[in-house]
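Here is how names work: the chains are called A, B, and so on, in the same order as the sequence lines, proteins then strands, and each is numbered from 1. Worth knowing before you read on, the calculation uses all heavy atoms, side chains too, and leaves out hydrogens, waters and symmetry mates. Just so you know, these numbers come straight off a predicted model, no measurement behind them.
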Amino acid sequence: MDLKFTPEEEAFRTEIRTFIEENYPERLKNAGGREDLGRDDMLAWHQILGEKGWSVPSWPEEYGGTGWTPTQKYIWNEENARANTVPPLPFGVSMVGPVIYTFGTPEQKERFLPGIVAGTTWWCQGYSEPGAGSDLASLKTRAERITDDDGKEYYIVNGQKTWTTLAQHADWGFFLVRTDPDARKPQEGISFLLIDMKTPGITVRPIITLGGEHEVNEVFLDNVKVPVDQRVGKENEGWTCAKFLLAHERSGIAGVARSKVGIERIKDIASTELDEGKPLIENPFFKRKVAELEVDLTALEFTELRTLAGEAAGKGPGPESSVLKIKGTEIQQRIQELVLEAVGHYGAPYFRGYGEGDNEFSIGPDYAQRAAPTYFNGRKTSIYGGSNEIQRGIIAKMVLGL
Amino acid sequence: MDLKFTPEEEAFRTEIRTFIEENYPERLKNAGGREDLGRDDMLAWHQILGEKGWSVPSWPEEYGGTGWTPTQKYIWNEENARANTVPPLPFGVSMVGPVIYTFGTPEQKERFLPGIVAGTTWWCQGYSEPGAGSDLASLKTRAERITDDDGKEYYIVNGQKTWTTLAQHADWGFFLVRTDPDARKPQEGISFLLIDMKTPGITVRPIITLGGEHEVNEVFLDNVKVPVDQRVGKENEGWTCAKFLLAHERSGIAGVARSKVGIERIKDIASTELDEGKPLIENPFFKRKVAELEVDLTALEFTELRTLAGEAAGKGPGPESSVLKIKGTEIQQRIQELVLEAVGHYGAPYFRGYGEGDNEFSIGPDYAQRAAPTYFNGRKTSIYGGSNEIQRGIIAKMVLGL
Amino acid sequence: MNFDFTETQTMVRDTLQRFLADRYDFESRQKISRSDAGWSQDIWKAFAEELGILGASFSEELGGLGGGQIENMIVMEEVGRSLVVEPYLSTVVIGGGFAREYGKADLIEEIIGGETRIAFAWAEPQGRFDLNYLETSAREKDGGFVLSGHKAVVRDAPSATHLVVTARTSGDVADEDGVSLFLLPKDTKGVSTRDYPLVDGGVASEVYFENAEVPASALLGEAGKAAGAVRKVVDEAVVGLCAEAVGCMEQMNKLTQDYTKERKQFGVPISKFQVLQHRMVDMFMEAEQARSMTYMAVNRLPDSASAAQAKVKIGKGLTYVGQNAVQLHGGIGITDEYAVGHYFKRATMIEGQFGTTDHYLRRYERLALED
Amino acid sequence: MNFDFTETQTMVRDTLQRFLADRYDFESRQKISRSDAGWSQDIWKAFAEELGILGASFSEELGGLGGGQIENMIVMEEVGRSLVVEPYLSTVVIGGGFAREYGKADLIEEIIGGETRIAFAWAEPQGRFDLNYLETSAREKDGGFVLSGHKAVVRDAPSATHLVVTARTSGDVADEDGVSLFLLPKDTKGVSTRDYPLVDGGVASEVYFENAEVPASALLGEAGKAAGAVRKVVDEAVVGLCAEAVGCMEQMNKLTQDYTKERKQFGVPISKFQVLQHRMVDMFMEAEQARSMTYMAVNRLPDSASAAQAKVKIGKGLTYVGQNAVQLHGGIGITDEYAVGHYFKRATMIEGQFGTTDHYLRRYERLALED
């Protein structure tokens, strides 16, 4: 057991750090985590990494992966967090990409993977439906298979998806649809379709969340015609892809490196804010909250490292990743809560943001402006991607066998 | 709304306080809560109160109750806690007594109630069975009805009870037994029997608990012959008595007044113990724990007062008392935990106690000696009398209708 | 000792509840909150004229209903239950509190009538929750005073006709001595505001005093001696916030219980899941204890330690109930469209208003444990 | 970076686990703990001779297996899992730690052989957890030293042949300077002890020094300069306790999971109740994080802030897991007869050993946040 980084690993870190310093777009400095970026800004770093060959480190090398060890990937994440870069969107890289290279046909791989690697195709996820939540097996969106006048086979898709993150920018979406309404078990009879978001019959409608953001959407599908060769995996066996993807989605969700940056930010804010005439960080109770966060984050960090080591030793991402999801989101939410506590009165103003050319000054210090919306919006992390209650259920069943 | 005490109530308080000062046995000063008292010491105060007519304040006046208002009863409890008196045992006063005066025959009332009022009969409770815990409906102790050679009817009782508190001193016990093994629902077919603990066939065997105490017992019943007129309520309808008793048992369980004394004790200890050369109470984090306990205890106190006011307005002790049980035991356990934290190193020695004439000096300060055993033993309070999980279930169902 | 409400108190509560059910459902509230003004003149007028509740807490000689802080508590609870954005706390509890304190009968009359609305300008950018931290100064000039300074996040200033302002006439920046209190029309020359909405649906302003001249009559009480009165009225406001919190928590609990009974997962209502049941029980217990603490604190006014205790217990309860109400609603809990998220936002802001839980714990410690 | 154990390390763990399964089941442990001595010479001899684990953490030159703190961690985890009362921590981790620190090859040899057992006498009645708080004095006399003072709750003193004692040779009562360290046979004239059992099944003594004379050779290192070494070895002991806690927590979790799967209520195993499931998941996560923190801390030794962090996280975990293991067992959880309560008692004592969670949080804050 040796938890220090090897000289090779340290050299790798230097390489990464230098690359980021030299190549990360100046205009996006410290933009990681900002919810108000446009499409081009959100893709810029991804595209630079695509050119370098570093956009999909976890993929098999034949599809563009880097072949890095888990420790190297850990260092990669740490350095990106340290520089607060805008991370590649997960929908292609961590979600549909792995499904396509695992279950897709050679044609599908050739057609879809390069766009994900290059950061030119924006993907969104059509899983959740109104009233279904984490219970994917009860989904209602229907896909009927027909042969069209052109002699080709299509699915005609009808239904509604919800909580579709950033669908307003998406080129493509991956959808779970019901192809056999008579299947014996509810999770049977589901298929996994790739759908061009410009196909007629698709309507995207924003859902505004508590922080005032337009981050999620409802997606309506009204007689949407999807060529059969855009189905991944076998018909009625989409559940296999869905389960695989859910396990993949959870890995990396611990967010350790970003939370470290978050804690440093709290310390900065609390060194500026005054409490009884002294920097807030000198308030022993505030300081204790920071200390407790650091302790819990260290515990999470080394738990993640142990999980990564387990993966390197051949265990795939398993139910242990639920621990990372639960503890990771708890810490993120505590950080958001503590920022809001730190900023005091200036957490209350509702900063709607000002357009370019609008030179009205902002209210209170800059760091206070998004404190409340980020806290409110952050409540989603313990709900989405399988709520923390669902995750505990997974651990109870899969790990403890209760 | 006026939450101040009236002049009459203040006068009542003075009367109580004077009575306690003048009549409470000198040798038992501050003995409340001690687990190492003998039978006579545990009954002494009860007997004095019995003579005064104050031993069963909550009972109807015709059976010996005082007719006090809820506020007066509250003051009564406060003053007894303040003086740290040895409280009358609940098994007669709060448990079987109310069952007998509510469901018993005139003969039973006459036979059993005076001994409870006077504090001369020691009762114990035969409810729990091995493997049954809070699930009373599954109880296995059998009672078969026979007619004996003397022409009288008896129950022949066979089975085993457990967690029987202080049965080693008991004259009588009240037992739940199954009289109809074929009843449709498991809680049907149960009867409520009063059994003389000197009846042949009864064996009491101690269970030693974590703190080293002999407080609970197993009770074995081997062909125990019980006259039918010692059944309270109808045959097979003992569940009615049991439910009634459980609701009664919970009232008063908040223990607010005793917890106030406990917090004062923590302050005393923490003013003596040193931490970094200063009294521990000046450690801001220790002080905060004390403050948080005080705040939570105030919330509990006024929640109890509201419940008492509701009772005075005609609502019997209902499922709201579960809130008092949960919060009351949580606070008691936190107090025990904080005492242990306060005493430092001297919480570790296992003080077995020394008999009379044993003049060996004790290890560490007196206040440290029972800190750990009391903490360990105190874990029972969230388990017994319907675990706090069961209580939450009761609130969910009975109050929130979930 | 009794917990009973008088007939008048019961009437105030019932009429207000009926009115809000009729005219202030969630959609109406959202419309009002999102209007340019951010509050409704009509509702305020109805409070004054139809309901008469603006006078509930004032003595009958002054045209009130003869009540006091219990009446304020009753109203504030309904303010919390319906997320009312109109300035009852600022105008009646705080403005009225100062008017009562300094015997300003005319001001009380105007408050009851609805024509005068007050905002309390106390906080400063560097002062956090210290009521005595005042960089804003008032110096004497020509028998009057000249005010200079910047007040931060002054709630309800956009709807106010008058400001009650704390300013320093002597002493060092955080001294208790030297705190003075002024009542002035918002349109006083030299006073400027920048108005903005708040995350909880309310409105506030930054208020700037640039050599704003006020007459001697604007001074409330004696110069430099206002700290005690400020503390007292703020404690009354804190208890008012506690009552608002009770209404807010109880409504979040109701929404959550209703939702979980209706919403199905794996074929059963999620209210049947034991983990969610116990969570809702804990939320219920927080609300019950919040109510107990509010009753305690209102009865012990002007005891400052009791107000602090209540704020602490309720601050923790707000966080617990708010976060879990959203969690148990799942996705829709964090949408702008559903009510529960807006209760959560208001709950979050109450927790910090006039000081966070940490602040009031320290205050309680100083008052009760450091003697 | 890797989390792998060497072959020797795996062997140490496996043989020890097998041995304890065979010879140290719960009943045997209780018998040993409740014997007059409170520990077993036979077991200790077997540790030394059959298993050779007393040398696992020492270099090969000194007759050890060539290991270090990772070996200590491996052993301590099993100590925790089986509630071993024999003095591995006191003798090998602490006594051996000082021997390593001061190059005492002969002492290490005797430790490995099992003939020398050490107790570390540091705490004093008024000193709480401050290692430098020393009323015990050592004054020079005739080229040697004379010790006077009272050491509190010296764990494993009843089974020890030798004591390592902190005493002050100069400076004020809590000064870092002036802390000196002595190694002496327990039967040194002027040393008396009062032995007693501990609530967790261990044994300890009050140790009194009444003008106990020791030769100059009893002094470890330089007079007055031992504070650094004491801190270092105590940090190693803290990490050892963390490892013990991991074993203890994992065993409590196992007992609880097994029990709830077996025990039925209302006709179903109580392990099927969602509330208990989630509780057991939280207990599991605490144990997992405790393991992670122990790995972190052992690898970062001698970094004191890391040891403090680990103690904090694990202290909270011990309380959570211990209290809930008992709670989920219900009534039998608090009986003397069942194992779980004894794990809970040991867990409670580990939480306070060498300082509570609060103490180590403050230590972490000072080391990591107050630069």
Side-chain angles (χ1 to χ4, degrees), chain A residues 1-6 8-10 69-72 74-75 263 267 270 281-282 284 286-292 294-310 312-313 319-320 322-324 326-327 330 388-402, chain D residues 1-6 9 70 73-74 253-254 256-257 260-261 269-274 276-286 288-300 305-306 308-314 316-317 357-358 360-370:
Chain A
M1 182 182 291
D2 184 353
L3 307 188
K4 284 179 280 301
F5 293 106
T6 63
E8 292 74 29
E9 287 162 350
E10 290 295 359
T69 65
T71 307
Q72 285 178 308
Y74 187 82
I75 292 169
I263 292 175
K267 290 184 194 168
I281 192 71
E282 294 175 23
F286 191 90
K287 183 164 49 187
R288 172 140 299 186
K289 287 182 199 172
V290 175
E292 287 177 320
E294 288 193 343
V295 169
D296 287 342
L297 186 56
T298 305
L300 178 64
E301 178 177 15
F302 280 81
T303 304
E304 186 179 31
L305 286 166
R306 283 173 56 215
T307 309
L308 290 175
E320 289 77 10
S322 291
V323 177
L324 305 179
I326 295 169
K327 291 294 159 192
E330 284 176 359
N388 285 7
E389 287 82 8
I390 295 278
Q391 304 294 345
R392 283 189 169 81
I394 291 171
I395 298 171
K397 193 173 164 184
M398 313 289 280
V399 184
L400 308 186
L402 299 176
Chain D
M1 180 179 290
N2 78 81
F3 285 85
D4 310 326
F5 291 119
T6 64
Q9 289 166 347
I70 292 177
M73 174 182 80
I74 288 169
N253 283 343
K254 184 177 180 313
T256 307
Q257 290 160 22
T260 57
K261 283 177 194 169
I270 63 174
S271 65
K272 293 292 173 198
F273 294 134
Q274 198 189 23
L276 304 194
Q277 289 190 345
H278 285 207
R279 197 87 56 84
M280 285 186 272
V281 168
D282 286 333
M283 292 160 73
F284 164 76
M285 292 196 293
E286 287 301 328
E288 283 297 304
Q289 292 179 93
R291 180 175 288 283
S292 306
M293 282 305 244
T294 305
Y295 288 175
M296 179 281 297
V298 78
N299 268 277
R300 288 189 183 165
S306 295
Q309 262 196 321
K311 187 76 163 63
V312 166
K313 184 71 187 167
I314 285 163
K316 291 184 188 182
T357 301
D358 176 64
Y360 277 98
L361 257 169
R362 276 195 295 167
R363 187 165 168 75
Y364 176 74
E365 286 158 13
R366 284 170 188 164
L367 292 169
L369 292 173
E370 295 170 17

With only heavy atoms counted, which part of [X] is less than 4.5 Å from chain A, the side chain, the backbone, both or neither?
| X | value |
| --- | --- |
| D/Tyr364 | side chain |
| D/Met283 | neither |
| D/Arg300 | side chain |
| D/Tyr295 | both |

Quick check on the interface: out of D/Gln257, D/His278, D/Gln277, D/Gln274, who has the most heavy-atom pairs with chain A under 4.5 Å?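 Answer, by heavy-atom pair count under 4.5 Å with chain A: D/His278.
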As an exercise: rank D/Val312, D/Asp282, D/Ile70 by heavy-atom pairs under 4.5 Å with chain A and give me the winner.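 Among D/Val312, D/Asp282, D/Ile70, the one with the most close pairs to chain A is D/Asp282.
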Winner by heavy-atom pair count (cut-off under 4.5 Å) against chain D, out of [options]:
| options | value |
| --- | --- |
| A/Leu308, A/Asp296, A/Thr71, A/Val290 | A/Asp296 |
| A/Glu301, A/Glu9, A/Glu282 | A/Glu9 |
| A/Leu300, A/Thr69, A/Val323, A/Ile281 | A/Val323 |
| A/Glu389, A/Lys327, A/Arg306, A/Lys4 | A/Arg306 |

With the threshold set at 4.0 Å, does a side-chain nitrogen-carboxylate oxygen contact exist between [X] and [Y]?
| X | Y | answer |
| --- | --- | --- |
| D/Lys316 | D/Glu286 | no |
| A/Glu330 | A/Arg392 | yes |
| D/Lys313 | A/Glu294 | no |

Output side-chain donor-acceptor pairs under 3.5 Å for residues 393-402 of chain A, partner residues at least two apart or in another chain, one line each.
none

Holding to side-chain contact (heavy atoms from CB on, under 4.5 Å), I want the full list of residues that pass it with A/Glu8, two or more places apart in sequence or in another chain.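 Checked A/Glu8 against side-chain contact (heavy atoms from CB on, under 4.5 Å); matches are A/Thr6.
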Measure the spacing between CG of A/Leu3 and CE of D/Met1 and express it to the nearest 0.5 Å.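 These two atoms lie 6.0 Å from each other.
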Can A/Arg288 and D/Asp358 be said to form a side-chain contact (heavy atoms from CB on, under 4.5 Å), step by step? CA-CA 10 Å; A/Arg288 172 140 299 186; D/Asp358 176 64; 2.6 Å; yes
